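None of these values were measured; they are calculated from a predicted model.
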Amino acid sequence: MIRKLTISLAVVFATIVFVACNSDEPENTGTVNYSAGVKSFNLSEDDSVAANLDSVFFTIDQKRGLIYNADSLPYGTNVTRLVPVISTMTAVSLAELTVQRAGQTDTVIDYLENSTDSIDFTNPVKLRLISYDGTTERNYTIKVNVRRQQADTLCWSRAERTALPSLFEVPNEQHTTASASKVYCLTRYQQQYSLAVSDLTENVDGGLGQWQTQAVSFDFTPNIDSFTATDNALYILDNEGSLYYSTDGFQWQSCGEKLHYIYGAYHSEIVASRQEADGSWSLCTFPCGIAQPMPADMPYEKTSTSVVYGFEMTPRQQLIVVGGRLLDGTLSQDTWGFDGSSWAKIARRRMPLALESAILVPYYTVNVDSDWTTTRYATMMLFGGKTADGSINRTVYVSSDYGVNWTEASALMQLPDYMPAVYCAQAVVVESTLRNSRASRPIEQWQCPFIYLFGGKNINGATYNTMWCGVINRLTDQPIQ
């Protein structure tokens with residue numbers, strides 16, 4: 001037992017270090033007896049451990065007696081010799097740190113006398129405080145969290161992999177599309193079809209809402225890969241190129257139009273390629289009906305999935321596609337954008353690889369500043385797709401300027417070895433609400449973007465019956481308060 005100090009109140013105040021862990025006081029949750037409570041907690045500066053270590057924010061949960069860093073330290077950080085800086089609400093007569101050691105007797109440190117001693121935070125450390133008058137005792141558990149994986153890794157969890165939402169155990173084909181409010185997954189087994197619908201407003205804790213799955217019938221043979229959702233309708237082509245629409249995915253009507261390939265949806269319209277009666281090719285929209293001649297270097301089919309983006313360089317949003325097959329049979333490396341009235345080639349630094357049927361995803365990269373504040377930046381990712389020799393691309397490429405320049409992504413963003421390379425898959429990014437019952441107010445829940453990757457085909461053209469979920473690890477953290 002550490003002896004009770006018999007020194008004056010002034011000396012005790014001088015002994016306890018009153019330094020906040022950030023420029024603002026940490027959020028203290030719950031009620032506390034102010035005669036024995038932690039006011040602030042942080043770690044001393046030590047660049048040999050981590051840059052700006054003294055700026056790491058620690059939450060103090062007074063109700064549960066927990067002190068922890070919500071934003072974990074980087075993967076591999078050595079926490080065996082850290083110096084804590086603790087201040088209390090008022091003077092205390094005892095401040096005792098108990099360090100657990102596996103297979104050994106616990107080490108007890110008198111913080112009042114040895115405030116500069118380093119502590120091993122590999123395991124949770126106990127802090128015991130006794131008020132100056134000896135009438136009140138408070139106990140805390142201090143946890144210094146360290147990531148088990150690299151924070152900026154784009155993680156595709158095998159544990160989160162599921163089968164496609166379908167009535168069929170082994171679908172022959174699938175195509176998934178999304179409007180602003182719903183996700184639709186259409187699957188085929190032989191001559192039967194299944195449509196699963198998930199409401200995007202119901203996603204919580206990293207998951208989509210419940211899937212409602214029903215059989216669907218067509219009085220034509222649908223081209224599954226053309227299945228597209230706009231803001232207010234669903235569209236699909238049949239095997240002859242005739243266009244059909246539906247408001248719910250179950251009742252379909254002819255549009256009286258023939259198209260070749262649907263690039264994607266631009267708000268309430270679909271954007272497509274079409275061969276005219278004279279053999280020429282045009283780019284058109286439906287139902288608006290805008291048409292223009294197709295440039296010779298514009299892909300007429302098998303582009304990447306499309307993304308609609310708004311950015312500073314253009315006054316209107318752009319529908320963007322990458323790669324695809326040209327009329328001469330070759331593959332494109334270019335990025336094309338449609339602003340609602342016309343198409344233009346927008347890439348300055350083209351994709352390093354020519355691809356068809358690749359997956360284009362509107363996602364993020366992250367930056368952490370000197371105050372350990374995480375900021376996410378809009379970034380396009382592109383992966384998968386078939387190359388000119390018929391192989392499937394495994395490399396992930398990124399563009400931080402909406403497709404103007406493309407580079408190979410960092411190793412942390414590349415696909416894991418256990419995830420198969422695919423083409424003709426679809427990705428839906430869902431801003432899901434995460435919750436932490438132990439989070440201190442006011443941030444008890446926050447938004448985190450998850451990528452859901454549906455299906456795709458292997459080198460032999462067979463459909464994968466899988467739905468993968470991916471996320472950058474750091475984005476799942478409770479935000480700093």
Side-chain angles (χ1 to χ4, degrees), residues 164-168 171 173-189 191-203 207-274 283-291 303 305-310 316-317 319 321 338 340-341 362 424-431 452 454-455 467:
L164 291 167
S166 174
L167 296 176
F168 315 125
E173 284 187 282
Q174 82 82 35
H175 194 92
T176 300
T177 186
S179 66
S181 60
K182 296 182 185 296
V183 180
Y184 303 86
C185 180
L186 179 62
T187 53
R188 177 185 68 83
Y189 176 70
Q191 302 306 313
Q192 302 176 70
Y193 300 90
S194 168
L195 181 63
V197 184
S198 176
D199 193 327
L200 288 175
T201 63
E202 298 177 357
N203 59 88
L208 286 166
Q210 293 294 317
W211 290 97
Q212 303 297 323
T213 307
Q214 298 181 48
V216 57
S217 298
F218 298 92
D219 57 7
F220 55 92
T221 302
N223 175 355
I224 296 273
D225 286 338
S226 67
F227 185 46
T228 304
T230 66
D231 290 347
N232 53 15
L234 294 165
Y235 292 88
I236 199 166
L237 300 174
D238 69 10
N239 282 350
E240 302 299 321
S242 296
L243 180 65
Y244 293 79
Y245 82 97
S246 171
T247 56
D248 60 6
F250 297 98
Q251 302 296 322
W252 292 88
Q253 300 180 50
S254 173
C255 297
E257 286 279 340
K258 274 207 166 185
L259 303 172
H260 175 75
Y261 175 77
I262 299 176
Y263 296 101
Y266 186 83
H267 303 305
S268 61
E269 297 183 285
I270 56 168
V271 186
S273 64
R274 179 175 66 201
L283 300 167
C284 57
T285 63
F286 184 89
C288 182
I290 295 175
T303 61
T305 49
S306 63
V307 167
V308 176
Y309 251 124
R316 292 186 287 181
Q317 288 189 314
L319 179 144
V321 294
F338 175 75
S341 60
C424 212
Q426 299 81 48
V428 177
V429 177
V430 178
E431 286 281 352
Y452 290 90
F454 293 84
M467 182 175 71

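- Note that the CG atom of L186 and the CD atom of E173 stand 9.0 Å from one another [nearest 0.5 Å].
- Taking both residues in full, the closest heavy atoms of V321 and S306 are given as CG1-CB, 3.7 Å, listed atom of the first, atom of the second, then distance.
- Here the closest heavy-atom approach between residue W252 and residue S217 is recorded as CD1-O, 4.5 Å.
- One N or O on the side chain of E269 and one on the backbone of C288 form a donor-acceptor pair closer than 3.5 Å.
- Taking CD of Q317 as the start and NE2 of H267 as the end, the distance is 4.0 Å to the nearest 0.5 Å.
- One finds the CD atom of Q426 at 4.0 Å from the NE2 atom of H175 (value rounded to the nearest 0.5 Å).
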N/O donor to acceptor pairs below 3.5 angstrom from side-chain atoms of residues 229-241, sequence neighbours left out:
from	atom 1	to	atom 2	distance (Å)
T230	OG1	N232	N	3.3
T230	OG1	N232	OD1	3.2
T230	OG1	A233	N	3.1
T230	OG1	A233	O	3.2
D238	OD1	E240	N	2.8
D238	OD1	G241	N	2.9
D238	OD1	S242	N	2.8

Could you walk me through whether L243 and I262 satisfy the side chain to side chain contact (heavy atoms under 4.5 Å, CB included) test, starting with their C-alpha distance in whole Å, then the side-chain angles of each, then the deciding distance to 0.1 Å, before giving a yes or no? CA-CA 10 Å; L243 180 65; I262 299 176; 4.2 Å; yes
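- A distance of 5.5 Å separates OG1 of T285 from CZ of F338, quoted to the nearest 0.5 Å.
- Among all heavy-atom pairs drawn from G249 and V216, the shortest one is O-CG2, 3.3 Å.
- Between Y309 and P362, the closest side-chain pair of non-hydrogen atoms falls below 4.5 Å.
- Note on ring orientation: taking the six-membered ring where Trp is involved, the planes of F220 and F218 are perpendicular (angle over 60°, cut-offs 30° and 60°).
- With sequence neighbours excluded, the residues forming a side-chain contact (heavy atoms from CB on, under 4.5 Å) with A196 are P165, C185, W211, T213, listed by chain and number.
- With values rounded to the nearest 0.5 angstrom, I270 atom CD1 is found 5.5 Å from L259 atom CG.
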I'd like to know whether T176 forms a side chain to side chain contact (heavy atoms under 4.5 Å, CB included) with Y452, so could you lay out the CA-CA distance, the side-chain angles of the two residues, the decisive distance to 0.1 Å, and finally the verdict. CA-CA 10 Å; T176 300; Y452 290 90; over 6 Å; no
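- Among residues two or more places apart in sequence or in another chain, the side-chain contact (heavy atoms from CB on, under 4.5 Å) test is passed with A215 by L167.
- Y193 contributes atom OH, which lies 9.5 Å from atom CZ of F168 (distance to the nearest 0.5 angstrom).
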Would T303 and Y261 count as a side-chain hydrogen bond (donor to acceptor under 3.5 Å, both in side chains) here? Give the steps. CA-CA 10 Å; T303 61; Y261 175 77; 3.1 Å; yes
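- The two residues L164 and P171 make their nearest non-hydrogen contact at CD1-CG, 4.5 Å.
- Taking 4.5 Å as the limit, some side-chain heavy atom of F454 sits within range of a side-chain heavy atom of V183.
- Scanning all heavy atoms of the two residues, the minimum distance from Y266 to R316 falls at OH-CB, 4.2 Å.
- What you find for G340 and I290 is that their closest heavy atoms are O-CD1, 3.7 Å.
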